[in-house]
> 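A single structure is presented below for examination.
Predicted, not measured: the structure shown is a model, and the values here were computed from it.
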2 protein chains.
Amino acid sequence: MLSDRKEKILAAVVEQYIKSGEPVGSKSLLESLPMKLSSATVRNEMAELSSMGYLSQPHTSAGRIPSHSGYRYYIDNLMGTRELDEQSRKKIESAIGSNTDPDKLLSTAGEVLAELTNCATLSTTPAGETTLIKRIEMVPVGTRTAMLVLLTSTGILKSRICRSEFELTVPLLESFYNITSSQLVGKPLCDVNIATMQTLAASVGADAFAMLPFLASIADLAKDASQADILLEGQTNLLNYRELEENAYELMEFLRKGEPLGSLISSSKSDVNVLIGEENKFRQLQNSSLILAKYSVGGHESGTIGVIGPTRLDYAKLIPSVRYLTDLVGRLLTKAIDEE
Amino acid sequence: MLSDRKEKILAAVVEQYIKSGEPVGSKSLLESLPMKLSSATVRNEMAELSSMGYLSQPHTSAGRIPSHSGYRYYIDNLMGTRELDEQSRKKIESAIGSNTDPDKLLSTAGEVLAELTNCATLSTTPAGETTLIKRIEMVPVGTRTAMLVLLTSTGILKSRICRSEFELTVPLLESFYNITSSQLVGKPLCDVNIATMQTLAASVGADAFAMLPFLASIADLAKDASQADILLEGQTNLLNYRELEENAYELMEFLRKGEPLGSLISSSKSDVNVLIGEENKFRQLQNSSLILAKYSVGGHESGTIGVIGPTRLDYAKLIPSVRYLTDLVGRLLTKAIDEE
DNA sequence: GTTAGCACTCTAAAGCCTTGAGTGCTAACT
DNA sequence: AGTTAGCACTCAAGGCTTTAGAGTGCTAAC
């Protein structure tokens with residue numbers, strides 16, 4: 001699309017701007033160009049790149065900064081795919097260890113990525129509407145109180161204490177065991193809801209009233225387990241970027257609330273996904289860039305890991321980082337499931 | 001200590017400054033004073049309050065702002081103890097509900113307090129070195145994998161999945177049950193550590209190797225359950241205070257790291273505790289004020305709830321809020337324990 | 001003891017100037 | 001035709017000065 005020389009110049013502008021954060025002038029660009037040119041020639045080329053929409057100027061007499069399409073062209077055509085450097089890889093691996101608890105694993109993943117990138121990160125725990133219930137346990141801990149435990153086929157463990165109005169009798173426990181093991185274990189999480197629980201409770205006859213709160217709790221746990229948590233880390237890192245300072249509060253509140261993030265996450269495609277500045281549909285994110293990637297557990301896309309920072313991100317380093325991390329997380333979680 | 005008139009003037013300065021955030025001049029103060037005076041007289045009094053150390057001036061020709069001792073005097077002698085207004089009380093109660101899961105309860109408490117005060121809040125889950133183990137369960141979920149569950153007398157529930165090198169046999173499960181129910185249940189959490197577990201494991205003879213990882217996990221869970229988590233909420237609120245802007249990053253990182261907060265929390269006395277600006281021993285907090293209070297579960301001080309904000313806090317409102325919330329949390333958690 | 005009056009202080013905001021990096025254009029050069 | 005030197009022009013950023021106004025401390029009268 002662009003001439004070879006224009007591409008080289010665009011790449012140099014992007015890379016220099018990412019490093020310095022200052023608009024890049026024609027003169028200072030000469031040093032980082034592979035060929036010998038005068039500043040005048042570079043100026044001409046830059047003027048053309050500007051009119052093509054790849055570069056922009058904060059004001060007439062300033063240097064150029066990459067526009068949103070400039071970054072886009074750079075990422076899609078010029079950047080190449082660097083391998084992640086040894087050091088970062090080591091750091092990630094040693095932080096993650098061989099953790100197999102999904103919640104913990106994803107939060108550590110977020111932490112290490114935040115530290116590595118100096119950005120905010122998000123990570124979601126493996127979702128699974130289609131995940132199966134592996135086990136349900138009810139352990140009495142008082143005359144009217146029991147501990148309920150739910151374990152899924154993806155290794156997610158949820159538990160809760162539940163109180164009842166009625167005394168826990170042995171027959172009650174037995175019929176709870178019968179119902180759950182015959183009707184619930186092995187079923188997908190999404191099949192379990194308050195309505196099905198009511199019909200199940202009704203089926204035990206006289207004990208229905210005593211049974212219902214426990215079954216309802218199970219439905220709660222199932223809902224909990226099927227919903228992906230969105231974990232945020234390193235939000236404070238965002239305070240270090242001058243270009244975000246103005247909207248720091250707004251941005252961080254947007255992230256904290258998290259709801260709209262859900263839709264964002266689910267809409268992303270399967271490989272690494274980059275959204276630059278205005279490409280984001282949410283106003284609060286339009287000064288920022290997102291790098292999102294999905295990880296797969298057992299062949300199914302299950303969750304997302306991502307980085308949030310200013311548009312001036314070191315994409316050439318961060319994209320491999322995110323890709324590497326999602327691969328690793330996917331592999332570990334898949335292994336954890338296979339092992340049992 | 002101070003003349004009646006000086007007290008009235010000091011109180012007015014503090015209150016007006018808390019509202020406006022601007023240094024308070026003698027003239028604008030007249031309106032909020034209960035008695036009729038000229039600005040000159042007020043000026044004389046303010047000059048004296050300054051030389052006594054209760055007020056200070058950003059520069060010679062500016063109004064006065066309360067010094068750290070000014071706030072202190074106000075809080076200790078002038079503020080009075082307002083009741084918490086109906087509206088806030090309602091808000092707190094409806095947010096908290098009748099939640100009985102300690103972790104959840106404390107995090108909601110932090111959230112609602114943050115919303116109410118527009119500050120950052122911290123809350124700790126009930127600690128308990130002396131808490132007793134109420135129940136231990138081991139549920140096999142695979143040939144070599146089991147789910148371990150630990151429940152404490154204070155209602156804290158911790159669970160984890162544990163893998164072993166060896167197959168899970170019925171005798172192994174039985175001897176695990178025997179050991180835990182005879183040696184661990186009923187004991188305080190602090191008695192359970194890796195060393196005691198090793199001796200326990202050794203006592204089962206041939207199965208020691210298979211047993212150890214599970215017992216070690218129990219020790220882990222016990223440690224987890226005995227340590228109070230420090231929960232932070234509403235950190236982004238701090239970005240709205242101009243006087244904190246400069247150190248926002250430093251302050252938020254300090255809070256995030258959290259370690260030093262531990263010592264701070266444990267050193268506080270039993271009623272509501274206020275630390276104003278320089279009274280804090282940590283540099284990062286010296287532009288901020290803390291309001292901390294402990295809640296008691298079953299007669300023992302178990303955890304802390306607190307507010308972190310600029311020195312210019314509405315103490316007269318926040319102190320009752322924190323007191324009310326700690327009382328409520330203490331009551332709910334105590335009730336939860338008594339009920340079973 | 002209180003107050004009116006006044007000279008004084010000092011910041012914040014506004015305006016002005018200077019500097020310098022960077023531009024676009026033109027005309028000469030290869 | 002493509003490249004380059006040269007030059008006039010632009011504009012933000014920083015420094016300096018001015019102005020306005022809020023607030024003070026002090027003195028002398030009440």
> Under a plain distance cut-off of 3.5 Å, with no hydrogens placed, do A:Glu253 and B:Thr236 share a side-chain donor-acceptor pair?
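The criterion, which ignores hydrogens and geometry beyond distance, is satisfied for A:Glu253 and B:Thr236.
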
> Go through the side-chain N and O atoms of A:Ser289 and A:Tyr315 and say whether any donor and acceptor fall under 3.5 Å apart.
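Short answer, yes.
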
> Out of D:dT3, C:dT23, C:dT2, which nucleotide sits closest to the side chain of A:Arg64?
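Of the options given, the side chain of A:Arg64 lies nearest C:dT23.
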
> Side chains of A:Glu15 and A:Tyr74: do they bring a donor and an acceptor to under 3.5 Å?
yes

> Between C1' on D:dA1 and CZ on A:Arg5, what's the gap in Å once rounded to a whole number?
12 Å

> Do B:Ser56 and B:Arg64 pair up side chain to side chain, a donor and an acceptor below 3.5 Å, judged on atom types alone?
no

> Taking it one step at a time, do B:Ser28 and B:Gln16 satisfy side-chain hydrogen bond (donor to acceptor under 3.5 Å, both in side chains)?
CA-CA 9 Å; B:Ser28 73; B:Gln16 193 165 320; 3.2 Å; yes

> Does either side chain, that of B:Glu7 or that of B:Tyr73, offer a donor lying less than 3.5 Å from an acceptor on the other one?
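Yes, a side-chain donor-acceptor pair sits under 3.5 Å.
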
> For atom CD of B:Glu246, is the number of surrounding heavy atoms from other residues, nucleotides or ligands below 6.0 Å larger than 12?
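No, not enclosed.
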
> Rounded to whole angstrom units, what separation is found between the CD1 atom of A:Ile9 and the P atom of D:dT3?
10 Å

> How close or far is atom C1' of D:dC9 from atom CD of A:Gln57, stated in whole angstroms?
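Result: 14 Å.
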
> Residues of residues 22-50 of chain B with any non-hydrogen atom less than 4.0 angstrom from an atom of DNA chain D: list those, numerically ordered, please.
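Only B:Gly25, B:Ser26, B:Arg43 qualify.
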
> Quick one: which protein N/O atoms are closer than 3.5 Å to N/O atoms of nucleotides 8-10 of chain C? Pair and distance per line, please.
from: C:dT9; atom 1: O2; to: B:Ser61; atom 2: OG; distance (Å): 3.2
from: C:dC10; atom 1: OP1; to: B:Thr60; atom 2: OG1; distance (Å): 3.3
from: C:dC10; atom 1: O4'; to: B:Ser61; atom 2: OG; distance (Å): 3.1
from: C:dC10; atom 1: O2; to: B:Ser61; atom 2: OG; distance (Å): 3.1

> Report the C-alpha distance between B:Asp4 and B:Lys8 in whole Å, list the side-chain angles of each, state the deciding distance to 0.1 Å, and finish with yes or no for salt bridge (charged side-chain N to carboxylate O under 4.0 Å, His left out).
CA-CA 6 Å; B:Asp4 188 56; B:Lys8 290 218 171 72; 2.9 Å; yes

> Taking side chain as C-beta onward, heavy atoms only, is A:Gln57 less than 4.5 Å from A:Ile65?
no

> Taking atom types as modelled, find out whether A:Ser88 and A:Asp85 have a side-chain donor-acceptor pair closer than 3.5 angstrom.
yes

> Give a yes or no on this: more than 12 heavy atoms of other residues, nucleotides or ligands lie within 6.0 Å of atom CE of A:Met1.
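Counting other residues, nucleotides and ligands, CE of A:Met1 stays at 12 neighbours or fewer.
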
> Applying a 3.5 angstrom cut-off to the pairing atoms, does DNA chain D sit in any stems of at least three consecutive Watson-Crick or G-U pairs? List them by first number.
C:1-30 with D:1-30

> Distance check needed: D:dG23 C1' versus B:Ile65 CD1, whole Å only.
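Result: 15 Å.
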
